[in-house]
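Below you'll find the structure, written out as structure tokens, and then a few comments.
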2 protein chains.
Amino acid sequence: MNIGEIARRAGVSRSTVSYALTGKRPVSEETKRRIQAVIDELGYRPNAAARALKEGRTRTIGLVIPPASQRLTDMQLGFVASVVDATARADLDVLLSPSGGEHDRSFERVVTGRRVDGVILMEIRLEDDRVTRLLQSGLPFVGIGRTRQPEDMSWVDIDYETLIAKCVHHLADLGHRHLALVNRNAELVAAGYGPGHRAQAGFDRAIAERGLHGVRVCCADDAQAGQTCLQQLLAEYPELTAIATINEAAVAGMYRALTEAGLTVPRDFSIAGVAAQHWAENLHPPLTAADVPADEMGARAVELLIQRIADPATPHRHLLVAPPISLRSTTGPARPRT
Amino acid sequence: MNIGEIARRAGVSRSTVSYALTGKRPVSEETKRRIQAVIDELGYRPNAAARALKEGRTRTIGLVIPPASQRLTDMQLGFVASVVDATARADLDVLLSPSGGEHDRSFERVVTGRRVDGVILMEIRLEDDRVTRLLQSGLPFVGIGRTRQPEDMSWVDIDYETLIAKCVHHLADLGHRHLALVNRNAELVAAGYGPGHRAQAGFDRAIAERGLHGVRVCCADDAQAGQTCLQQLLAEYPELTAIATINEAAVAGMYRALTEAGLTVPRDFSIAGVAAQHWAENLHPPLTAADVPADEMGARAVELLIQRIADPATPHRHLLVAPPISLRSTTGPARPRT
DNA sequence: TTGTATGCGTTATCAA
DNA sequence: TTGATAACGCATACAA
């Protein structure tokens with residue numbers, strides 16, 4: 001079913017049908033009604049490809065996520081959910097591209113095949129080939145996360161550096177002197193994953209400011225790894241009494257390791273972190289954490305992108321969120337472990 | 001940048017460029033090289049909309065998921081991940097449509113705007129308007145899940161009825177006489193959610209066959225609800241010693257309720273369920289469960305869909321998986337609670 | 001081995 | 001208020 005067929009049956013020209021639909025030109029009530037009747041009868045909808053070809057835009061945005069094979073964290077899922085939601089509300093569609101490496105066919109298709117009007121890019125590295133690629137392509141895009149040169153692009157990001165520093169200060173205020181930072185997995189950090197490096201920086205700074213003892217470790221993003229990681233830390237650093245972390249997925253395992261070591265949270269050991277609000281609340285015990293508003297961030301990213309699509313010349317905008325730490329059940333006064 | 005520009009710069013006709021790209025007609029090595037050089041220099045890629053318009057296919061499939069606002073279960077995420085993965089491997093793209101209700105603009109766009117070559121539909125009800133809509137549209141589609149008339153469509157599904165019956169038999173073999181079925185949330189079941197109804201049927205059947213006492217409850221899909229749900233069950237049914245469940249998201253809460261009631265799993269209480277393998281393994285304690293191969297199911301759904309797109313006249317195919325129950329750490333011999 | 005011409009379904013310009 | 005027609009960029013049937 002195409003617009004010509006509708007026009008024929010309604011006894012008008014194709015352009016009249018088009019204008020009746022878009023309202024970009026006055027059409028008499030009478031013909032408008034007749035056209036609508038035919039459309040309803042035949043269930044006509046404009047062909048998206050033809051419209052995209054003619055208009056030069058697809059009404060679709062691309063969402064580049066980490067390869068689906070590696071499980072997304074709760075925070076990442078929050079971003080995806082809110083991006084999808086906000087996009088649907090704007091009557092746009094989302095094309096999903098699972099792209100991690102550099103030579104990625106899916107990513108290339110999205111960027112260069114003009115399949116989308118703009119892109120939202122997740123899980124950005126300090127040096128990120130995909131950002132370079134998008135910049136040179138001229139396609140509007142917004143990062144959830146930012147590179148080392150954050151001025152060159154629009155983004156929404158979490159201020160991991162400040163937040164982890166806040167966690168350290170909070171723990172220091174409670175009397176903890178020996179702290180560990182549990183980072184995301186080693187490969188990610190080695191590859192220049194921004195949050196990993198910024199968390200380290202914030203940790204180091206706060207540790208120095210307060211004159212504390214700090215140790216930094218990487219940990220794979222799952223409960224099992226969290227458990228072994230904490231077991232090793234407990235064994236190696238007998239004076240350790242608190243942890244700051246950005247590794248959501250490992251926290252459940254850390255709880256287990258503590259329980260098995262006979263340590264009660266927060267009486268014997270404290271944990272503070274940066275995590276999605278919904279998730280921190282539903283954990284058991286609920287995690288004292290800076291509540292990342294993943295839902296809002298995704299929506300804001302979409303907002304920024306829609307603006308850039310409408311006017312690519314608009315100056316870049318940046319949103320760095322640093323939510324306050326919500327005190328829940330995992331931090332308490334320091335107390336020697338033995 | 002378009003094919004005409006490439007042709008001009010390479011000193012050949014547009015069709016020669018097209019044929020050089022598709023290989024559907026012999027092109028001399030010399031011109032092929034010259035064309036490729038220009039393409040590399042200018043970074044040309046065919047316009048997806050123009051190609052879709054000409055070819056009548058979009059090289060894109062639609063994935064209809066539950067509204068993103070409501071958090072997806074781990075199993076649903078497994079489906080999404082494997083569908084996205086398998087689609088990318090086939091050099092196709094995925095258009096995401098978060099569609100729950102009936103009058104959904106996103107869903108309508110996907111179905112009727114010819115934006116996709118086919119659709120994968122998740123979270124199907126026994127009576128599902130979206131299935132009706134897809135059937136009448138003629139667009140190829142595959143369900144992850146099935147309606148009450150499963151012959152009319154292609155699908156991949158989990159045999160909840162058999163699996164929950166197996167759970168009951170397993171628990172009965174261990175001596176449990178008073179069992180509860182913890183279903184998904186009440187709204188979903190009331191709306192005719194297939195797995196919910198089929199799990200009930202399997203539960204009732206097995207309970208009757210073994211002459212046991214069974215009670216069925218619905219429970220919202222989160223840990224907090226799981227906790228209160230089990231608290232109530234424990235209070236109301238003092239003889240209850242085991243649970244069968246299809247509600248992944250509630251299990252962590254059930255563990256908590258048991259711990260707080262001073263009951264140890266599996267010594268004092270047993271739980272068996274149907275859950276994504278990865279998730280059951282990583283739970284603590286690991287859940288005795290029928291391991292749903294979410295990764296494989298998504299890939300098979302994509303396979304089926306690609307076949308249907310290639311030949312819409314092909315007979316419908318169905319895949320009902322009933323994986324064996326993996327014995328882990330949550331079921332043991334029955335023992336009176338008091 | 002290559003070139004020319006046509007049409008896919010829209011929207012928008014020009015003309016009436 | 002409406003109609004005829006030219007693009008948008010590509011793939012392909014037809015010619016050479």
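Below, chains carry the letters A, B, ... as their sequence lines are ordered, and counting in each starts from 1.
Gln36(A) pairs by the side chain to side chain contact (heavy atoms under 4.5 Å, CB included) definition with Ile39(A), Asp40(A), not counting sequence neighbours.
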Can you give one letter per nucleotide of nucleotides 10-16 of chain C, 5' to 3': B if a protein heavy atom sits under 4.0 Å from the base, S if only from the sugar-phosphate, - if neither?
-> BBBBB--
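Of the residues in residues 29-40 of chain B, those lying under 4.0 Å from DNA chain C by heavy-atom distance are Thr31(B).
Environment of CZ in Arg317(A): sparse, with no more than 12 heavy atoms of neighbouring residues, nucleotides or ligands closer than 6.0 Å.
In this structure a side-chain-to-backbone donor-acceptor pair under 3.5 Å is present from Arg109(A) to Leu92(B). Under a 3.5 Å cut-off, the side chain of His316(B) and the backbone N or O of Glu151(B) do not form any donor-acceptor pair. Side-chain N or O atoms of Asp117(B) include none that pairs as donor or acceptor with a backbone N or O of Ile61(B) at under 3.5 Å.
For the atom pair CZ of Arg9(A) and OH of Tyr44(A), the computed distance is 13.5 Å after rounding to the nearest 0.5 Å.
A salt bridge links Arg34(B) with Glu30(B): the distance from a Lys NZ or Arg NE/NH1/NH2 to an Asp or Glu carboxylate oxygen falls below 4.0 Å. Ion pairing between Glu5(A) and Arg8(A) holds under the 4.0 Å rule for side-chain N and carboxylate O.
Among all heavy-atom pairs drawn from His318(A) and Pro150(A), the shortest one is NE2-O, 3.3 Å. The two residues Ser154(B) and Leu304(B) make their nearest non-hydrogen contact at CB-CD2, 4.5 Å.
In the 5' to 3' direction, nucleotides of DNA chain D lying under 4.0 Å from heavy atoms of chain A begin and end at dT1(D) to dG9(D).
Each end of the helix from dT1(C)-dA16(D) to dA16(C)-dT1(D) gets its own axis, taken as the rotation carrying the C1' atoms of four end pairs onto the next four within a five-pair window, and the two axes meet at 40° to the nearest 10 degrees.
Of the residues listed (Thr132(B), Ile124(B), Leu126(B)), the one engaging Asp128(B) in a side-chain contact (heavy atoms from CB on, under 4.5 Å) is Ile124(B), and it is the only one.
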Donor-acceptor list for residues 293-300 of chain A side chains, cut-off 3.5 Å, not counting sequence neighbours:
unit_1	atom_1	unit_2	atom_2	d
Arg300(A)	NE	Glu303(A)	OE1	3.3

